[in-house]
Amino acid sequence: MNKECMVTAFSERVYELCSRVPRGKVTTYKAIAMALGSRGYQAVGQALRCNPYAPSVPCHRVVASDGGIGGFMGCQRGDEIGKKVRLLCSEGVEVVEGRVDLEKYFVGV
DNA sequence: GAGTCATTCGTTG
DNA sequence: CAACGAATGACTC
C-alpha cells in the first residue's frame, strides 16, 4: 500500500503550517488540525506521512498532542524514528524518552 | 461506498 | 495510573 504522495488542498495547508513552525520548536497534529478547522488529526498525519516537500517541510517538527514522536516518513516505531529525535535535538529541541516538552517547545499556529 | 492512517478523547480495569 | 476502544476527517480504490 505504498502509494505516491497525495498532495491535495488539505495536505498543502498542513505542509504550509509545518513550514511555519520556527526551528527549535514543535507543533502537534491537533494544533494543525484545529488550524485547519477540522478534527481530522489523522488526516494531518496522513499528509505528513508522505510529505513531498520532504526536507523543506520538516515533518519531524510535528509531534503528538502529548509531545510524543508520532512517526517519521512512514516509520511509526523503529530506529528510523531515532533520526527524527536526532533532528529535533539538532534543532535545539530536547527530546526525552521520545517525547518533547510541549510546555517549552510547543508553538501554536 | 468501504478501507486506511504518523491521532485524540473518553471510559474502564 | 494504565490500557482499550470508539470517534473523526481526509484520501485512495
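Chain letters run A, B, ... following the sequence lines, proteins first and then strands; every chain starts at 1.
Across the protein-nucleic acid pair, A:Lys30 atom NZ and B:dC9 atom C1' stand 9 Å apart, rounded to whole Å. The distance from atom CD of A:Glu12 to atom P of C:dC11 is 11 Å, rounded to the nearest whole Å. For A:Met73 and B:dC5, the CE to P distance is 18 Å, given to the nearest whole Å. One atom, CD1 of A:Ile69, and another, P of B:dT7, lie 12 Å apart when rounded to the nearest Å. One interatomic measurement links the two molecules: CZ of A:Phe106 to C1' of B:dT7, which rounds to 14 Å at whole-angstrom precision.
At a threshold of 4.0 angstrom between heavy atoms, the contacts of A:Cys75 with the nucleic acid are absent.
Put simply, the side chain of A:Val21 does not reach to within 4.5 Å of the side chain of A:Pro58, judged on heavy atoms. Residues A:Tyr53 and A:Val7 form a side-chain contact, since some pair of their non-hydrogen atoms from C-beta on lies under 4.5 Å apart.
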* Could you give me the CA-CA distance, side-chain angles and deciding distance for A:Val14 and A:Asn51, then say whether side-chain contact (heavy atoms from CB on, under 4.5 Å) is met? => CA-CA 10 Å; A:Val14 177; A:Asn51 82 346; over 6 Å; no
* **Test log, rule side-chain contact (heavy atoms from CB on, under 4.5 Å), inputs A:Lys83 and A:Met73** => CA-CA 10 Å; A:Lys83 203 157 187 120; A:Met73 288 196 144; over 6 Å; no
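Across every non-hydrogen atom of A:Gly67 and A:Leu102, the tightest pair is N-CD1, 3.2 Å.
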Sub-3.5 Å pairs of nitrogen or oxygen atoms, protein against nucleotides 7-10 of chain C:
| residue | atom | partner | partner atom | Å |
| --- | --- | --- | --- | --- |
| C:dG9 | O4' | A:Gly40 | N | 3.1 |
| C:dG9 | N1 | A:Gln42 | OE1 | 3.3 |
| C:dG9 | N2 | A:Ala43 | N | 2.9 |

Distances for protein N or O near nucleotides 1-4 of chain C N or O, under 3.5 Å:
none

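In the hydrophobic cluster analysis, where Ile, Leu, Val, Met, Phe, Trp and Tyr join through side-chain heavy atoms closer than 4.5 angstrom, A:Phe106 is grouped together with A:Val85.
Using a 4.0 Å cut-off between charged side-chain N and carboxylate O, A:Arg61 and A:Glu91 make a salt bridge.
Within 6.0 Å of atom CD in A:Glu12, more than 12 heavy atoms from other residues, nucleotides or ligands are found, so the atom counts as buried in its surroundings.
Using N1 to N3 plus N6-O4 or O6-N4 for Watson-Crick, or N1-O2 and O6-N3 for G-U wobble, each under 3.5 Å, B:dT12 pairs with C:dA2.
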